[in-house]
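Remarks on the structure that follows.
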Amino acid sequence: MGKLYAANRVVSADSTITNGVVEIENAVVKRVFELEKEIAFTTWLGGTIYVKETEHGLQAFKDNNILI
């Protein structure tokens with residue numbers, strides 16, 4: 001399992017998830033899902049995480065900083 005980050009919103013090109021979680025491995029998004037219950041070792045960032053396609057694959061950004 002990669003690192004988990006949660007926020008009030010996770011926005012991608014095709015959807016917006018309220019209270020979403022992004023799982024990241026090697027700076028690449030592995031999955032995005034709705035936060036249904038508290039998950040151990042998840043970093044709560046608040047605000048909005050943006051998931052964007054880059055030359056490295058799907059990557060997640062918070063305040064214009066890549067999540068790794």
Side-chain angles (χ1 to χ4, degrees):
M1 182 187 289
K3 291 189 81 171
L4 298 174
Y5 296 97
N8 300 90
R9 285 172 306 286
V10 177
V11 177
S12 65
D14 58 349
S15 69
T16 298
I17 297 174
T18 301
N19 295 326
V21 179
V22 178
E23 180 181 355
I24 298 176
E25 284 185 19
N26 301 318
V28 176
V29 174
K30 294 299 180 185
R31 64 184 178 137
V32 177
F33 56 96
E34 188 175 335
L35 180 65
E36 296 178 357
K37 62 180 181 177
E38 189 172 328
I39 303 170
F41 307 108
T42 301
T43 302
W44 178 261
L45 298 177
T48 303
I49 295 173
Y50 293 95
V51 177
K52 302 176 184 178
E53 185 71 41
T54 71
E55 65 270 14
H56 304 289
L58 281 180
Q59 294 189 296
F61 298 84
K62 171 73 169 110
D63 298 330
N64 291 319
N65 296 307
I66 189 167
L67 300 177
I68 55 173

K3 atom NZ: more than 12 heavy-atom contacts under 6.0 Å
no
Measure across A7 and G47 and return the closest heavy-atom pair with its distance rounded to 0.1 Å.
CB-O, 3.6 Å
What heavy-atom pair brings E34 and T18 nearest, and what distance separates the two atoms?
CG-O, 3.9 Å
Determine yes or no for a side-chain-to-main-chain donor-acceptor pair under 3.5 angstrom, with [X] supplying the side chain and [Y] the backbone.
X: E23; Y: G2; result: yes
X: N8; Y: N19; result: no
X: Y5; Y: I68; result: yes
X: E25; Y: K30; result: no

Are any of the side-chain heavy atoms of [X] and [Y] separated by less than 4.5 Å?
X: V32; Y: V51; answer: yes
X: L35; Y: I39; answer: yes
X: L45; Y: L67; answer: yes

Find out whether the Lys NZ or Arg CZ of K52 is both under 6.0 angstrom from the six-membered ring centre of F61 and within 45° of the ring's axis.
yes
Any link between [X] and [Y] through a network of hydrophobic side chains (Ile, Leu, Val, Met, Phe, Trp, Tyr) touching at under 4.5 Å?
X: V28; Y: I66; value: no
X: L58; Y: V21; value: no
X: V10; Y: V29; value: yes

Measuring from Q59:CD to I24:CD1, what's the distance to the nearest 0.5 Å?
8.5 Å
For the atom pair CH2 (W44) and CD (E38), what is the distance rounded to the nearest 0.5 Å?
10.5 Å
